[in-house]
Amino acid sequence: MSVIKRVMTLLRSSARELGESVVDANATSVYEQEILDAKRSIEQARGDLTGVMAKEMQAARRIEHLKAEIARYEGMAVEALNKSHESLAEEVAGQVGAMEQELAEQSRSHASYAAQVAKLKDLIKTAEARVRDHERELAMAKTTESVYRATRSISESLGSGGSRLVNARESLERIRQRHEDLADRMTAAEALDKELGHRALERKLADAGIGGEADRQRQVMARIRARQLALQGGKAAE
Amino acid sequence: MKPLQEQLRGLDALIGEAMGGLDAHLQPIPGDVPVIQVSIEGREELPIFVTGSDSQLLCMCYLWAEDELLPGRRTELLETMLDLNPAVPLSAFGRIGERYVLFGALARDARVEDVATEVAVLSDNALDALDAMSEFLK
């Protein structure tokens, strides 16, 4: 079963309630121990593998050596026969026989070492895949557990503080409202700024004697004087 | 592995920087798992929670609960969330128990600067998602 599928089963079976623990803490520590043990046995297998491979190589060398010796002794036996040393040839044949026996033994050992090497390599491969799977599963289970526990702490903490995880729509409305308030305040401030800025400028211009406002008094005075003058002129003409 | 609070030292200032000077406030949540609550000015209703497990740091924002969904539109909402998942930058939708979340995951030894970026993006995404998907809510 895949790791994710197992976590799915875990979630379906036990985690629907926030209060419940997703992973049994005991099971987790047992699991962690299993991973440690598996890793240790992988290390052990690696050590064994090195030893067996060395023996396999030794056996292979011994086989080559024996084959060469057998060929050499057989050559010498032929030579003895040629020189009519029948009994010497027999003796050499006996020696070759013994060497053939050892060759057969060495060949069997070599085959068995080779088989062990293949087996150990397979064992390490599958054990490593299993450890990786276990570690991933454990990480997922622990993360799930931690997330659920965090959520529980958060709910409890917010609950005890008088507030709670508020309804989403309410939250959104409040945040929106706050943003609108801010936007309104900014618009208002901008308008006020503009207005104040406008008036301030008018006042500055007036103070400097520039613009309609500054001139008004002078214009009115001029009008009054002109009128007075006109009246005086009229009287003088009478 | 550093304790979460130590790892997140200075996060509030960095979030403020990342969000144009908004105030961010950090508060540890008591419990058996390390959790830090991040409240961001103007978005106090949508706090971000940062929590650490052995293998990763999770930043989460709770969106809505199962009982807030409009009856009859749940499947549509779920499909929308699946469709959006690859598109939403850095954040993914999920569910914890009865609560839907938007979350981002970081390596357990992530730098506080990266956590700040994550929190800022997550907060924007969460607000955006809530706004966009409020049509599915009661």
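Chain letters run A, B, ... following the sequence lines, proteins first and then strands; every chain starts at 1.
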message = Can you confirm whether more than 12 heavy atoms, excluding those of A:Lys125, are under 6.0 Å from its NZ atom?
response = no

ask   = Would you say A:Glu190 has more than 12 foreign heavy atoms packed within less than 6.0 Å of its CD?
value = no

ask   = Looking at CG of A:Asn167 and CD of B:Glu68, how far apart are the two atoms once the value is rounded to the nearest 0.5 Å?
value = 4.0 Å

remark   = The reported gap from CZ in A:Arg169 to CG in B:Leu137 (rounded to nearest 0.5 angstrom) is 5.5 Å

request  = Determine which residues belonging to residues 70-91 of chain B lie within contact range of chain A, meaning some heavy atom pair is under 4.5 Å apart, and list them by number or answer 'none'.
outcome  = none

ask   = By number, which residues in residues 110-133 of chain B have some heavy atom less than 4.5 Å away from chain A?
value = B:Leu127, B:Leu130, B:Asp131

ask   = Within the distance-only criterion (no hydrogens, no angle test), does the side chain of A:Tyr148 pair as donor or acceptor with the backbone N or O of B:Gly97 below 3.5 angstrom?
value = yes

Contacting region of B:Ser134 [heavy-atom separation from chain A under 4.5 Å] = both

query = Do B:Ser53 and A:Ser146 have a side chain donor and acceptor closer than 3.5 Å?
reply = no

Please list every donor-acceptor pair under 3.5 Å in which a side-chain atom of residues 21-41 of chain B meets a protein atom from a residue at least two apart or in another chain.
unit_1, atom_1, unit_2, atom_2, d
B:Asp32, OD2, A:Arg149, NE, 3.4
B:Asp32, OD2, A:Arg149, NH2, 3.4
B:Glu41, OE1, B:Asp23, N, 2.8

query = Can you find a pair of side-chain heavy atoms, one from A:Thr151 and one from B:Phe49, that are under 4.5 Å apart?
reply = no

inquiry  = Sub-4.5 Å heavy-atom contacts with chain B: which residues of residues 171-178 of chain A show up?
reply    = A:Ser171, A:Leu172, A:Arg174, A:Ile175, A:Arg176, A:Arg178

